[in-house]
There are 2 protein chains.
Amino acid sequence: MKLTTKGRYGLRAVVDLAVNADDEAVALSQIAERQGISMNYLEQLIAKLKKSGIVNGIRGAQGGYVLAMPAEEISVGDILRALEGDLSPVDCYELNSNDTPCNNSDLCVTKYVWKRISDSINDAVDGIMLSDLAAESKRVQAEAGITQINQPKQTC
Amino acid sequence: MKLTTKGRYGLRAVVDLAVNADDEAVALSQIAERQGISMNYLEQLIAKLKKSGIVNGIRGAQGGYVLAMPAEEISVGDILRALEGDLSPVDCYELNSNDTPCNNSDLCVTKYVWKRISDSINDAVDGIMLSDLAAESKRVQAEAGITQINQPKQTC
DNA sequence: TTTAATACCGAGTATTTTAATAGGAATTAA
DNA sequence: TTAATTCCTATTAAAATACTCGGTATTAAA
């Protein structure tokens with residue numbers, strides 16, 4: 001029941017992008033360095049975010065990435081689902097219509113549990129907007145007098 | 001962000017135990033057969049439940065397992081945490097005091113996300129009691145006229 | 001027009017985790 | 001005494017994860 005590094009690194013990267021976006025595109029190498037994430041790996045994560053319409057890539061020199069929408073309109077749920085796939089605790093047809101139908105559905109009672117968990121997770125993450133995290137991040141960075149992060153290994 | 005088979009199989013096994021418990025102990029071989037789970041594997045899962053004080057084992061011939069408490073007093077959260085460990089989405093010291101302290105805690109903003117997810121999951125599963133599932137299971141089994149389940153492979 | 005900086009793409013790989021299997025020891029009712 | 005059962009530990013196959021690597025395409029700036 002853990003997120004993978006895709007969700008953890010990816011969310012940090014998007015928050016970094018939201019915080020460090022002026023009007024310019026932000027190069028992935030900068031995000032990678034600030035966040036202490038391998039750039040090659042981060043490329044794969046940002047590709048998912050691009051595919052989901054959360055960021056836009058700008059090619060060529062001086063290129064980089066920008067948010068595809070105002071941060072106020074991007075929920076943490078949008079970001080995590082883009083990175084991790086659906087956030088339900090099981091692959092269950094009742095929860096997720098792209099899963100294969102389950103031949104035990106009639107007798108299954110645990111499906112009620114999975115539905116409750118799934119709904120509660122999605123409600124939680126859809127209630128937090130990227131702008132909330134970006135504002136908080138700016139606040140704590142200002143308080144600490146930080147411009148460069150580049151932290152050692154983090155668990156979260 | 002998926003439960004493992006530990007949580008899925010294990011919860012089904014406990015519901016089965018609650019449904020099929022009269023005053024006798026229920027042999028693991030019976031649960032395994034009804035639920036279509038390898039008995040050897042189920043042994044490992046029930047060991048976790050035993051360690052957490054959810055079931056008691058009765059050794060010897062005619063032995064088996066019984067619930068250690070009335071089903072009304074056992075929450076799905078108790079069961080899933082026994083099987084899966086903590087249900088938080090990340091290993092984060094702020095959420096889970098047995099994790100190693102995180103040196104980025106001051107600047108970390110995603111921790112607010114993880115806390116919200118963690119709390120919502122735990123609230124959801126702590127609000128469902130084993131007795132609820134057992135009652136519903138008896139109801140659907142009666143409706144279908146079923147005594148033996150033994151379903152083919154399930155995803156949930 | 002060249003160069004350097006960047007996004008974009010797909011294949012390969014080491015490590016870790018999961019999901020079992022297997023074999024035996026201890027216990028106890030019949 | 002036997003058979004049924006829990007209990008315990010080690011091993012293993014497969015899958016998923018978390019990367020690395022090498023290249024191509026694009027574009028702003030020199």
Side-chain angles (χ1 to χ4, degrees), chain A residues 1-13 17 20-21 23-33 35-52 54-68 83-85 89-91 153-156, chain B residues 1-13 17 20 23-33 35-68 83-85 89-91 153-156:
Chain A
M1 203 57 179
K2 295 283 181 250
L3 290 170
T4 66
T5 54
K6 293 195 191 78
R8 302 206 319 269
Y9 294 179
L11 179 57
R12 272 165 56 200
L17 179 56
N20 293 102
D23 292 339
E24 310 283 293
V26 181
L28 209 54
S29 56
Q30 293 175 28
I31 299 177
E33 194 184 6
Q35 298 299 325
I37 302 170
S38 138
M39 165 149 170
N40 277 319
Y41 190 44
L42 197 50
E43 266 182 357
Q44 294 174 29
L45 310 187
I46 204 106
K48 289 172 181 281
L49 295 164
K50 186 165 174 271
K51 202 174 167 190
S52 297
I54 291 170
V55 301
N56 286 331
I58 297 168
R59 306 186 69 165
Q62 314 305 115
Y65 289 91
V66 292
L67 294 178
L83 292 160
E84 294 272 345
V90 293
D91 291 324
K153 226 176 199 77
Q154 295 169 230
T155 53
C156 63
Chain B
M1 201 59 182
K2 295 283 181 250
L3 290 171
T4 67
T5 55
K6 292 195 191 79
R8 302 205 320 267
Y9 294 0
L11 179 57
R12 272 165 55 201
L17 178 56
N20 293 102
D23 292 338
E24 310 284 295
V26 180
L28 210 54
S29 56
Q30 293 174 28
I31 298 177
E33 194 184 7
Q35 297 298 325
I37 300 170
S38 140
M39 165 149 170
N40 276 320
Y41 190 43
L42 197 49
E43 265 183 358
Q44 294 174 33
L45 311 187
I46 205 105
K48 289 171 182 281
L49 295 163
K50 185 164 174 274
K51 201 174 169 192
S52 298
I54 292 169
V55 302
N56 286 330
I58 297 168
R59 304 186 69 163
Q62 312 309 112
Y65 290 91
V66 293
L67 294 178
L83 292 160
E84 295 271 346
V90 292
D91 290 325
K153 224 174 203 75
Q154 296 169 228
T155 53
C156 62

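Quick caveat: nothing in here was measured; it's all calculated off a predicted structure. Just so it is clear: chains get the letters A, B, ... in the order the sequence lines come, proteins before strands, and each one is counted from 1.
- When all heavy atoms of B:Leu17 and B:Val66 are compared, the pair lying nearest together is CD2-C, 4.1 Å.
- Ranked by how close their nearest DNA chain C nucleotide is to the 5' end, B:Asn40 and A:Asn40 are led by A:Asn40.
- OP1 or OP2 of D:dC19 lies within a sub-4.0 Å distance of a side-chain N or O belonging to A:Tyr9.
- Of the residues near DNA chain D, B:Gln44 and B:Ser29, the one whose nearest nucleotide (by heavy atom distance) lies more toward the 5' end is B:Ser29.
- Computed from coordinates, the A:Lys51 NZ to C:dC8 P distance equals 14 Å when rounded to whole Å.
- When distances run from any side-chain atom of B:Ser38 to the nucleotides D:dC19, C:dT21, D:dC7, the shortest one goes to C:dT21.
- The nearest heavy atom of DNA chain C to A:Gly57 and to B:Tyr41 marks one nucleotide each, and the one closer to the 5' end goes with A:Gly57.
- If you measure from atom NZ of B:Lys2 to atom P of C:dA19, you get 13 Å, rounded to the nearest angstrom.
- Atom CE of B:Met1 and atom NZ of A:Lys2 lie 8.5 Å apart (nearest 0.5 Å).
- Counting non-hydrogen atoms under 4.0 angstrom, A:Ile58 reaches the backbone sugars and phosphates but no base.
- Rounding to the nearest 0.5 Å gives a distance of 11.0 Å between CD of B:Gln35 and CG of B:Leu28.
- Under the 4.5 Å side-chain criterion, counting only non-hydrogen atoms from C-beta, B:Arg8 is in contact with A:Val90.
- The shortest distance between the side-chain N/O atoms of A:Lys50 and the OP1/OP2 oxygens of C:dC8 is below 4.0 Å.
- The CG atom of B:Leu83 sits 13 Å away from the P atom of C:dT18 (whole-angstrom rounding).
- For B:Thr5, counting side-chain heavy atoms from C-beta on, the closest listed nucleotide (D:dC19, D:dT20, C:dA20) is C:dA20.
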(Q) For nucleotides 25-30 of chain C, give me one character per nucleotide, 5' to 3': B if any protein heavy atom sits under 4.0 Å from the base, S if the only such contacts are to the sugar-phosphate, - if neither. (A) -BBBB-
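- One interatomic measurement links the two molecules: CG of A:Leu42 to P of D:dC21, which rounds to 17 Å at whole-angstrom precision.
- Dashed line: the shortest gap from a side-chain N or O of B:Thr4 to OP1 or OP2 of C:dA19 is under 4.0 Å.
- Atoms CG (A:Leu45) and P (D:dT20) sit 12 Å apart, rounded to a whole Å.
- Under the Watson-Crick or G-U wobble criterion, with both distances below 3.5 Å, C:dT2 is paired with D:dA29.
- Between the side chain of A:Glu43 and the base of D:dT20 there is no donor-acceptor pair of N/O atoms closer than 3.5 Å.
- The interatomic distance linking A:Leu49 (CG) with C:dC8 (C1') rounds to 15 Å, in whole Å.
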Which atom pairs, one a donor and one an acceptor, fall under 3.5 Å between side chains of residues 36-59 of chain B and the rest of the protein, sequence neighbours left out?
from    : atom 1 : to      : atom 2 : distance (Å)
B:Ser38 : OG     : B:Asn40 : N      : 3.4
B:Ser38 : OG     : B:Tyr41 : N      : 3.1
B:Tyr41 : OH     : B:Thr5  : OG1    : 2.8
B:Ser52 : OG     : B:Lys48 : O      : 3.2

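- At least one donor-acceptor pair under 3.5 Å links the side chain of A:Glu84 to the backbone N or O of A:Gly7.
- For the residue pair A:Asn20 and A:Val26, the shortest heavy atom distance occurs at O-CG2, 3.7 Å.
- One interatomic measurement links the two molecules: CG of A:Asn56 to C1' of C:dC8, which rounds to 14 Å at whole-angstrom precision.
- Between the OH atom of B:Tyr65 and the P atom of D:dA4 there is a distance of 17 Å, given to the nearest Å.
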